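Reviewing the structure listed below.
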2 protein chains.
Amino acid sequence: MSAIAESPLFSPLYRQISGLITRSLQAGEWKPGDVIPSEIELAQRYKVSQGTVRKAIDDLSASNLLVRRQGKGTFVATHAEEQTRFRFLRLAPDSAPGAPKPGEREPLSRRFLGCSRQRAPADVARAIGLRAGDAVLQVRRLLYFRGQPVVLDDIWLPAALFKGLTSNRLSAYRGPMYGLFEAEFGVRMVRAEEQIRAVAADADAASLLELDPGAPLLSVERVAYTYGDRAVELRRGLYDTRSHHYRNELG
Amino acid sequence: MSAIAESPLFSPLYRQISGLITRSLQAGEWKPGDVIPSEIELAQRYKVSQGTVRKAIDDLSASNLLVRRQGKGTFVATHAEEQTRFRFLRLAPDSAPGAPKPGEREPLSRRFLGCSRQRAPADVARAIGLRAGDAVLQVRRLLYFRGQPVVLDDIWLPAALFKGLTSNRLSAYRGPMYGLFEAEFGVRMVRAEEQIRAVAADADAASLLELDPGAPLLSVERVAYTYGDRAVELRRGLYDTRSHHYRNELG
DNA sequence: TAGTGGTCTAGACCACCAA
DNA sequence: TGGTGGTCTAGACCACTAC
C-alpha cells in the first residue's frame, strides 16, 4: 500500500514517485551536485518498494535530472562540472590534422559585450512566457575557439529571476553560464529546444566575428526550460561554421 | 553511442540477451514490421527470467530498434510507417498563420534528378567505410513543401549493397526512401550523425532551389548507420531555411 | 567492512487488445 | 476470454566506493 492518494486518472506509482522527487528538486530540498537519499531511504519515505523508487530514478536520470554513480549514490545533475560543460553547445571543430583528439578540449574563451535591462519586445516576451514590455535582461557575448571569434550570442532573461546580474558578475564567474545561473540564482536549465537556420551576416555580426558582411552564418535560436517546462531563457546565436560544425545525433 | 571499450570481464545477462536479439534482427530472423516472440517465449528460449528479457527489450526499444505495443506485442521498428516517416528529417515549417496545425502534415513531394554509378571519391569512401575508387551509387533529389523546392539531397550508397537501384525504382516506391531500402535491399537505417553548417548557394543549387546564387543555405551532412554501427549512407543536403527551420531538442 | 547502486529472479496483479 | 506488455513487490546476490 502506498501513502499516495489515488488519482482518478491512471498514473503508475513510479510516475507519482518521480513527480514527488521532481517537486523536491524544484523546491530546492536537494541542490545541484548534492547526493539525494539512497533508494532504500526513499522507498521507506514514500512507502513503496525499492524497485519502484528505482524505476522512478531511472526515468529522472534518463531525463538528465539525476545522475547515478554506482557505489556512491544518486546526485542532482549540475551544469557546474567539467564533463557537462558542453552539454548544450553542439558546436565542434572540424577534424583536421593537428586538431585536438577526441576527448581533448579546444581552448575556449569568452568576452561579455554588455548586459542591459530592457522592456521585452513582443517576440522575446512570447518565447519566455512574459508580456510585451515586461523587464528583461539582455546579455551579449562572444565565444572564442583558439583565439578566433566563432559564436556571437544574444541572450534574454526575465529580469525578475536574475536580479543583480551584471557583465562583471558574468565575467568573474569561472565555469559555464548555466552554472552561474543555478549557483547564484537558483535557476536550473533542464532542457532546451533549438531552431537552426542559415542567414547572411549583417554589418554588426560581421565585424564582431571578423568576417565579411553577407557571409553565411548558422543562426541558432534556443529556448531553455527549467523544472516544470517553464521557459526562462531565449538565446539567439550566430555561429561561424567555416572551421566548426553543429553536430547532431539522430536515433 | 559507442560502448566500445566496455570491459570484457563483465557483461550483465540482459546485455548478452539484447546482443542475441540484435543478431537475430541483423540476420533477418524477424523483419521490419514483424512481431517478435513474446517476452515469456524469449525467456524460455534464452533460459532466463522474463524480467531479464524485459530489460533487454527496454534497451532495444530505447534505441528505436524495437517498438512495444501494450496488449499486442513487440515489433521490429520500420521506416515504412506513417508515424515514423519524418524520423530522420528535422526540417519543419516556421509557424505562421494558416500553416498546418501541429500533428497535421505539410504536403511533401519529391523529384529524383538522377541515379548514377561512380567510383567513390576519397572523402565519400572514407565516410561509408569503402576504399577510394570502390563503386558507389549517387542519387540526387529535390524535396518540395507545398510545391516549393526546399531540400536538395546528394546521396551516396555502396553499390554492392544496392544492386539494381534506379531512378525509376526510387520514383515508383510509395513511402520514405529508407522504407525502400529495408524492403528491397534488406538494409535498415538505425541511427545517423549529422554535421550542420551555413554555406552560400552555388549556381547549381541556386537554380534548383529557385533562389539567388550566394544565398545562405543550411548544409546538412549525414552519415547513416545500420546494425553494428556500420556506415552505409552518406548524404549531403542543402536546405532553404527562409520559411523552414531545422529543429533540435537538447536534453 | 558497510553502504551504495546494479543485476536477476519469481510471482502476483493490472491495463490493453483481439477474437 | 486468453494473451500481450506494464506495474509492483520481496528478496538474493554482485560490483563499486569509501573508510
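No experiment lies behind these values; they were computed from the predicted model shown. Naming: A, B, ... by sequence-line order, numbering from 1 per chain.
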Subject >> B:R110 side chain to B:Y144 side chain, donor-acceptor N/O pair below 3.5 angstrom >> reply: no
Original post:
Hey, can you pull the residues of residues 29-44 of chain A with a non-hydrogen atom under 4.0 angstrom from DNA chain C?
Top reply: A:S38, A:E39
Original post:
Has B:R197 got its NZ or CZ under 6.0 Å from the middle of the six-membered ring of A:Y246, at an angle within 45 degrees of the ring axis?
Top reply: no
Subject >> Residue pairs passing the salt bridge (charged side-chain N to carboxylate O under 4.0 Å, His left out) test where at least one lies in residues 54-67 of chain B, sequence neighbours excluded >> reply: B:E39-B:R54, B:D58-B:R68
**OP:** Go through the side-chain N and O atoms of A:Y225 and A:E233 and say whether any donor and acceptor fall under 3.5 Å apart.
**Re:** no
Original post:
How are the rings of B:Y178 and B:H79 set to each other: parallel, tilted or perpendicular (split at 30° and 60°)?
Top reply: perpendicular
Original post:
Just to confirm, is there a sub-4.0 Å distance from OP1 or OP2 of D:dG6 to any side-chain nitrogen or oxygen of B:R68?
Top reply: yes
Original post:
For B:I196 and A:H245, what are the C-alpha separation, side-chain angles and deciding distance, and is it a side-chain contact (heavy atoms from CB on, under 4.5 Å)?
Top reply: CA-CA 5 Å; B:I196 304 166; A:H245 60 270; over 6 Å; no
**OP:** State, yes or no, whether a side-chain contact exists between B:R236 and B:I155 at a heavy-atom distance under 4.5 Å.
**Re:** no
**OP:** Only counting residues at least two apart or in another chain, list the ones meeting ring pair (Phe, Tyr, Trp, His ring centres under 6.0 Å) with A:F162.
**Re:** A:F181, A:F185
Subject >> DNA chain C-proximal residues of residues 50-62 of chain B, any heavy atom under 4.0 Å >> reply: B:T52, B:K55
Between the protein and nucleotides 15-19 of chain D, which nitrogen or oxygen pairs come in under 3.5 angstrom?
residue, atom, partner, partner atom, Å
D:dA15, N3, A:Q70, OE1, 3.2
D:dC16, O4', A:Q70, OE1, 3.0

Subject >> Pair B:H244 + B:Y239: ring centers closer than 6.0 Å >> reply: no
Subject >> For atom CG of B:L66 and atom C1' of D:dG5, their distance in whole Å >> reply: 13 Å
Original post:
Which residues pass the side chain to side chain donor-acceptor pair (under 3.5 Å) test with B:T74, sequence neighbours left out?
Top reply: none
Original post:
Is any side-chain nitrogen or oxygen of A:T74 closer than 4.0 Å to OP1 or OP2 of C:dT4?
Top reply: no
**OP:** Check the distance between D:dC8's C1' and A:Q16's CD and give it to me in whole angstrom.
**Re:** 12 Å
